[in-house]
Asker: 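After the structure tokens below, expect a handful of questions from me.
This one's a predicted model, so the numbers in the text were calculated from it and none came from an experiment.
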Amino acid sequence: MCALVLAGCASAPETDHSSRYTIDQDRAPSGNFDASGLPDARPKYEPPRRAGNKSPYTVWGKQYQVMASNDGYVARGIASWYGEKFHGHKTSNGETFNMYAMSAAHKSMQIPGYAQVTNLDNGRSVIVRVNDRGPFHGDRLIDLSYAAAKKLGYQSRGTARVEVAAITVRPDGSMTLAGQPFTPGDTVSYAETPVVASGDTVSGEQALFVQLGSFSSRDPAQQLLVRAQAVLEDPMRVRAIDTATGRFHRVQVGPFADEASARRIQNLLESRGFAQSILLTDSQ
């Protein structure tokens, strides 16, 4: 009976109105929660809402931009997770966070939205509902619910290298994954760009670029380019690249002669709301 009661609480948490958070440090739930049989979020068409999509918005003195559309979005970065501290509290769009559900927080995706998240270390993929904002510290790309992190196999480590590909659902029910036709059950990797980590050395014969995004469609890439041109005068381009998984349109600033110059512009762009930039060479 206790197990049934706990399961019920996990599926429909009650919001705690006594204080914002009753736990100082986030933590995993007690016990051995089994996420192996937990179904993915089921993408469905939802018309755009105002809740949670104010743009730009500011957190801890840093400004962020919400994307005009999730269509075609794909990125690689570091995923973290959040759990019991936030369980039962409101998300950015007014829903109730449930650490046992397949959900996520993202700084710039339209919410609510959906994304396929793939753990690049073990190949596992899940589909999550993006209904919250964050993470707002370090180099984190996305914050998954505890359950989603456990399904991806990184809950004990805390973070993992992931690929995030947006799932767009049209009014007729058809879907795209990072701009390509998609049916739930497919697990396709669309992000193809290796990242130059801080401290890596780059051959002097290779030019460096700060990449702001990589899209399977040209239109969202061009829109991102126009946004970047409004805040920066450095040279930039949309570069079309053919890969084994299709053609991608990369929005890039540069070239830069050295890593220090590229990092300086990357930091400037991040301060202006371009939070998912990466550093790469012209040959990548």
Side-chain angles (χ1 to χ4, degrees), residues 26 41 52 55 57 59-60 62-67 69-83 86 91-92 102-155 157-168 177-179 189-198 200 210-216 220 224 248 250-252 263 266-267 269-280 284:
D26 199 9
S55 183
Y57 67 97
V59 177
W60 296 338
K62 186 174 181 179
Q63 192 175 88
Y64 299 89
Q65 294 278 156
V66 176
M67 295 187 297
S69 170
N70 295 341
D71 192 33
Y73 173 79
V74 60
R76 286 184 175 185
I78 302 297
S80 49
W81 60 264
Y82 60 135
F86 305 92
T91 64
S92 295
M102 303 298 287
S103 66
H106 194 278
K107 291 185 283 287
S108 59
M109 286 183 66
Q110 285 272 338
I111 57 175
Y114 296 88
Q116 175 182 281
V117 183
T118 302
N119 186 334
L120 297 175
D121 294 326
N122 59 22
R124 298 182 191 176
S125 292
V126 296
I127 294 175
V128 294
R129 176 182 171 82
V130 182
N131 64 354
D132 209 355
R133 290 287 171 228
F136 297 113
H137 51 84
D139 59 350
R140 310 284 172 81
L141 173 64
I142 194 168
D143 229 356
L144 300 187
S145 65
Y146 174 79
K150 188 162 186 180
K151 280 198 75 174
L152 288 182
Y154 74 87
Q155 81 287 352
R157 300 201 316 270
T159 60
R161 297 185 311 115
V162 299
E163 174 186 280
V164 179
I167 297 172
T168 302
L177 175 68
S189 175
Y190 286 90
E192 81 301 339
T193 305
V195 176
V196 178
S198 179
D200 286 356
V210 176
Q211 181 163 298
L212 303 180
S214 180
F215 303 86
S216 55
L224 182 58
F248 290 87
R250 300 175 176 178
V251 183
Q252 300 174 337
R263 294 288 180 193
Q266 184 180 33
N267 291 336
L269 285 163
E270 288 184 355
S271 72
R272 302 290 179 86
F274 298 87
Q276 276 78 48
S277 65
I278 61 175
L279 196 62
L280 47 75
Q284 293 176 310

Asker: Any donor and acceptor pair, going by atom type alone, linking the side chain of N122 with main-chain N or O of L152 inside 3.5 Å?
Answerer: yes
Asker: Output the distance between atom CZ (F215) and atom CG (D71), rounded to the nearest 0.5 Å.
Answerer: 9.5 Å
Asker: Can you check whether D132 reaches Y82 side chain to side chain, under 4.5 Å on heavy atoms?
Answerer: yes
Asker: Closest approach of M102 and S145, non-hydrogen atoms and distance?
Answerer: CA-OG, 4.1 Å
Asker: To the closest 0.5 Å, what do you measure between CG (L224) and CZ (R250)?
Answerer: 14.5 Å
Asker: Run the numbers on I111 and H106 for side-chain contact (heavy atoms from CB on, under 4.5 Å), then give the verdict.
Answerer: CA-CA 9 Å; I111 57 175; H106 194 278; 5.9 Å; no
Asker: Where is the tightest heavy-atom contact between A148 and V128, given as atom of each residue plus distance?
Answerer: CB-CG1, 3.9 Å
Asker: Check whether any side-chain heavy atom of Q63 lies under 4.5 Å from a side-chain heavy atom of R272, and answer yes or no.
Answerer: no
Asker: Taking C-beta and beyond as the side chain, do I278 and R76 meet within less than 4.5 Å on heavy atoms?
Answerer: no
Asker: Hey, does V164 have a side-chain heavy atom less than 4.5 Å from the side chain of Y73?
Answerer: yes
Asker: If you take all heavy atoms of G153 and R157, which pair is closest and at what distance?
Answerer: O-NH1, 3.9 Å
Asker: Where the side chain of K107 meets the backbone of R133, is there a donor-acceptor pair that is under 3.5 Å apart?
Answerer: no
Asker: Output yes when a side-chain donor or acceptor of S216 lies under 3.5 Å from a complementary backbone atom of A178, and no otherwise.
Answerer: yes
Asker: Passes side-chain contact (heavy atoms from CB on, under 4.5 Å), V251 versus Q211? Steps please.
Answerer: CA-CA 6 Å; V251 183; Q211 181 163 298; 5.8 Å; no
Asker: Would you check if T91 and R129 make a side-chain contact, meaning some heavy-atom pair closer than 4.5 Å?
Answerer: no
Asker: Report the residues that fulfil salt bridge (charged side-chain N to carboxylate O under 4.0 Å, His left out) with R124, sequence neighbours left out, ordered by chain and then residue number.
Answerer: none
Asker: Is D143 reaching over with its side chain to a backbone N or O of W81, donor-acceptor style, under 3.5 angstrom?
Answerer: yes
Asker: Looking only at non-hydrogen atoms, find the nearest pair between L141 and G77 and report the distance.
Answerer: CD2-N, 3.5 Å
Asker: Examine distances only and state if a side-chain atom of Q65 and a backbone atom of S55 form a donor-acceptor pair shorter than 3.5 Å.
Answerer: no
Asker: Could you measure the distance from the NZ atom of K151 to the OH atom of Y146? Nearest 0.5 Å is fine.
Answerer: 14.0 Å
Asker: With the side chain counted from C-beta on, respond yes when I167 and L177 share a heavy-atom pair under 4.5 Å apart, and no when they do not.
Answerer: yes
Asker: Take E163 and L120 through the test side-chain contact (heavy atoms from CB on, under 4.5 Å) and record every step on the way to the result.
Answerer: CA-CA 7 Å; E163 174 186 280; L120 297 175; 4.0 Å; yes
Asker: Carefully, step by step, assess Q252 and L280 under the rule side-chain contact (heavy atoms from CB on, under 4.5 Å).
Answerer: CA-CA 9 Å; Q252 300 174 337; L280 47 75; 3.7 Å; yes
Asker: So which atom in G113 and which in N70 form the shortest heavy-atom distance, rounded to 0.1 Å?
Answerer: CA-ND2, 4.2 Å
Asker: Measuring only between side-chain heavy atoms, which start at C-beta, is Y154 closer than 4.5 Å to L144?
Answerer: yes
Asker: Roughly how far, to the nearest 0.5 Å, is OG of S69 from CE of M109?
Answerer: 9.5 Å
